[in-house]
Amino acid sequence: MTPPDLAQLIDGASLVVCLGSGGVGKTTLSAVLALRQAASGQRALVLTIDPARRLADALGMTSLTNDPAPVTSFAKMHPDGALSALMLDPTATFDHLIGILVADPERRATLLGNRFYQHLSRSLAGTLEYMAVERLHALVKSEQFDRIVLDTPPTTNALDFLETPDRVALFFSDKVVRWFLPNTGKPSGGWTSRLFNRAGSTALLLLGRVAGEEFAQETATFFGTFADLLASFRLRGVEIGNLLRDKRTVFLVVCAPDHNRLAEAKAIDQRLREAGCGAAAFVVNRVDQAFVPAPGELESAVERATVLLGGTGERDRARAFVERLENVRRAQESAAAQHAAVVDELRAYARPRSVFTAPLVPAGQSARASLLALYLGLFAETPPAGIEPAVALAKAARAERRGRRVTDTQ
Amino acid sequence: MRAETSHLLNALEQRQLILVTGKGGTGKSTLVAALATLAARRCERVLVVEFNATPRLPALIDGAAVRAINIEADQVVGTVLQRLLRLPAIVSRVLNNRVVRIFANTSPAAREMIAMDELRDVVERSAAENCPVIADLPASGHALSFLDTPRAVRDLLRVGPIAQVALRAEQLLLDPARCEMVVVTLPEELPVNETLELVERARQLKLACLAVVVNQVPASLLDPDDRPLLDALHAQDGPGVGRYDAPARQHSEQLAQARTQIERLRSAVKAPIIELPRCAQPDARCCVDALVQALSA
């Protein structure tokens with residue numbers, strides 16, 4: 001059996017999680033994958049955490065918000081397909097969550113005003129990851145979308161993200177909160193009543209000793225107010241963990257063709273495997289390619305440049321010019337060779353899993369052109385039905401270049 | 001040597017802590033290794049610090065003068081608590097209390113604060129021996145959260161031992177005579193966008209920005225007159241320079257793009273901008289050497 005191509009792989013996945021170190025092009029790739037799913041008739045959503053304007057530009061939108069917004073700039077998609085995009089706003093997500101979970105306005109106000117809560121939701125490191133999984137969970141539950149592509153935060157090791165659900169579950173686990181909770185039946189007892197619980201009082205005193213009495217009390221108040229939410233938070237943590245381990249969830253490790261990124265991609269895969277959900281495939285982005293000149297190709301270029309420059313008197317100038325072009329080609333050739341070596345090494349490591357490559361998109365193009373070029377580079381063999389005139393144009397340009405190459409070498 | 005570069009190298013010698021950050025994939029670790037090599041020419045000893053699950057710096061540094069350490073919250077929590085509480089009996093009670101342990105492991109900022117206090121301690125001990133510390137921080141967004149941790153923790157706790165610890169870390173980070181930040185970027189649109197945001201947020205946090213280093217600036221393989229010539233050949237009927245056209249055009253676009261992005265940085269950022277050449281070697285060690293050479297030229 002041949003391994004599935006990228007289109008097959010993502011078409012069957014209800015959740016695609018793109019992981020990789022920073023700067024490898026995860027965000028654009030995520031958008032392209034969701035676009036492909038939409039083009040094949042799915043209601044697809046790309047959930048990004050990258051606040052860069054470029055993705056909004058590429059999708060033809062003025063801005064992205066914390067709510068899924070339809071992407072309408074790709075005309076004539078599949079009749080059943082639709083693409084939506086969302087940019088995660090951790091604070092809004094957290095506040096929204098509290099809005100849903102705490103019905104009583106007074107209790108909600110108390111909670112939103114609690115300093116422990118404010119820091120948890122606004123300024124402390126790790127909140128982005130907490131909220132990304134929370135938002136993901138809510139979207140999956142809503143069943144608004146058939147397919148979700150998640151662009152993960154560029155964490156140091158890209159995998160704090162994976163451990164977050166377990167950490168959330170643990171954070172809100174009985175072990176931590178039991179002794180913070182008011183006694184049932186005596187809700188006014190507050191955290192002080194827990195001082196009569198031996199284990200709890202020890203922990204509280206120790207926490208007070210390390211972090212200050214005031215903090216211990218604020219924390220106790222926070223958990224006290226949170227009492228009703230704990231069960232749902234725990235449940236969410238467990239459900240998210242299950243979702244990430246579901247067989248219709250596909251992890252893609254995205255990588256750039258250099259040795260550092262290769263090592264990081266392997267490390268990410270190792271951690272994924274330890275967590276029981278290894279990468280389904282790898283994508284190496286920005287792989288350069290170079291042509292090898294045919295015999296006489298350089299000479300004919302010199303000839304034509306000589307003519308343009310004004311005839312045989314200019315042959316030396318034309319030769320120097322074409323030699324500089326040849327230097328550019330050689331630099332590209334050596335880059336391409338290095339890239340190919342990285343791809344080969346990753347293939348050997350990944351076997352039997354697939355390693356897909358995406359071409360280097362030339363510099364200086366618009367965000368939208370880069371996105372479409374990446375789409376073509378990845379899914380050239382399975383073009384979606386009339387996805388957009390721009391794609392058709394880009395394809396035509398490619399075909400033309402290919403045709404020119406053929407005529408050149410003849 | 002250019003004024004910006006010598007300013008940077010002097011700071012390496014005079015400050016206790018140089019923080020290096022930037023978008024992922026811009027070559028932070030390579031630059032940290034190069035800066036450490038240069039600092040070691042002026043100081044007897046230099047320490048580089050990273051906060052990675054998989055340490056990268058040991059493979060990039062060279063020579064007995066530069067030492068590398070890796071700070072991981074899990075590893076140093078005992079040391080940090082020991083400093084905080086002083087009484088070993090209480091430390092072990094705290095460490096052995098399951099509730100406190102889970103809380104410390106899962107509560108946001110707890111791990112960051114532990115790593116931050118360890119960094120502060122390492123810096124103060126190194127400063128006593130005239131050994132500058134160069135920290136290879138996580139990528140921009142995370143680096144800022146990390147650097148903002150002492151303020152956030154102090155805001156949250158106000159009083160108590162941890163608030164004291166946070167205050168000491170904050171005093172180190174915000175003292176421009178002791179600590180400055182170097183931001184690494186690439187001459188491309190997205191990294192420059194992120195850098196402009198990072199520099200602005202660092203200014204809001206009152207962190208001193210020593211320099212912005214533009215890494216991997218491509219060298220031109222073409223003459224300035226070549227582009228019009230290419231365009232003229234391209235516009236003609238017929239094959240022109242054939243397959244040589246596309247790569248040359250791409251190269252020229254890339255150079256133009258790099259210049260545009262560097263100009264954007266220069267017009268928006270007050271800190272000195274230092275350009276460093278792209279290294280074509282696949283070997284990371286060679287790239288460190290190339291940066292050292294470029295910085296000392």
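From a predicted model like this one, the values you see are computed outputs, not experimental measurements. First the proteins, then the strands, lettered A, B, ... as listed; each starts at 1.
In this structure, CZ on B:F51 lies 11.0 Å from CD on B:E112, to the nearest 0.5 angstrom. The distance from atom CG of B:L198 to atom CG of B:L144, rounded to the nearest 0.5 Å, is 5.0 Å. Distance check, rounded to the nearest 0.5 Å: CG of A:D288 to NE2 of A:H339 gives 6.0 Å.
Only the side chain of B:Q236 has a heavy atom closer than 4.5 Å to any heavy atom of chain A. Both the backbone and the side chain of A:L298 come within less than 4.5 Å of a heavy atom in chain B. For B:R249, no part sits under 4.5 Å from any heavy atom of chain A, backbone or side chain. Neither the backbone nor the side chain of B:A163 comes within contact range of chain A; no heavy atom of the residue lies under 4.5 Å from a heavy atom of that chain. Neither the backbone nor the side chain of B:L186 comes within less than 4.5 Å of any heavy atom in chain A. Looking at A:E303, there are no atoms closer than 4.5 Å to chain B (heavy atoms on both sides), in backbone or side chain. Only the side chain of A:A331 comes within less than 4.5 Å of a heavy atom of chain B; its backbone N, CA, C and O stay farther away. When heavy atoms are compared at a cutoff of 4.5 Å, B:L137 does not approach chain A at all.
Applying salt bridge (charged side-chain N to carboxylate O under 4.0 Å, His left out) to B:R227 and the options B:D225, B:D231, B:D223 leaves one that passes, B:D231. The only option from B:V288, B:T26, B:V184 that meets the side chain to side chain contact (heavy atoms under 4.5 Å, CB included) definition with B:L31 turns out to be B:V184.
Contact count against chain B (heavy-atom pairs under 4.5 Å) is highest for A:E326 among A:H259, A:E326, A:E264. With chain B as the partner, the residue from A:L309, A:V302, A:L325 showing the most heavy-atom pairs under 4.5 Å is A:L325. Heavy-atom pairs under 4.5 Å with chain A were tallied for B:A248, B:G240, B:A232, B:A284; the largest tally goes to B:G240. The residue among B:D226, B:L221, B:L230 with the most heavy atom pairs within less than 4.5 Å of chain A is B:D226.
Residues B:L291 and B:N215 have side chains in contact (heavy-atom distance under 4.5 Å, counting atoms from C-beta outward). Looking at heavy atoms from C-beta onward, B:K23 lies out of side-chain contact with B:E197 at the 4.5 angstrom threshold.
Distance alone, capped at 3.5 Å, is enough to place a donor-acceptor pair between the A:D258 side chain and the A:N260 backbone.
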